[in-house]
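Down below is the structure, laid out as structure tokens.
These numbers come from a predicted model, not from an experiment.
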Amino acid sequence: MSGRPKYKLKTTKVEKSVVEAYKKLERSVVESYFAVENAFVGAYQKIEDKFVDTFLEEVTDDNENDNENKEQ
């Protein structure tokens, strides 16, 4: 098999232009998707940060052990 030539389909000018147009469309759709996704993630992150700042406090290992001893 190694002595046999390999073949592929010839590409025409029309095919190349269609593929290029598709790739441009694909890029714009993907970029738009990521922009929307980043907007939602950013908004969610702001809500989550506000919740954490309002209702939670950071616990260090020492504070966690003290609270467990008090509860027992």
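In this structure, the separation between CG on D53 and CD on E58 is 11.0 Å, given to the nearest 0.5 Å.
Residues T11 and E15 share a closest heavy-atom pair of CA-OE1, 3.2 Å.
The ring pair (Phe, Tyr, Trp, His ring centres under 6.0 Å) search around Y22 returns none, not counting sequence neighbours. For the ring pair (Phe, Tyr, Trp, His ring centres under 6.0 Å) test, residues two or more places apart in sequence or in another chain that qualify with F51 are F55.
Tracing side-chain contacts under 4.5 Å through hydrophobic residues (I, L, V, M, F, W, Y), one reaches V30 starting from Y33; they form part of the same cluster.
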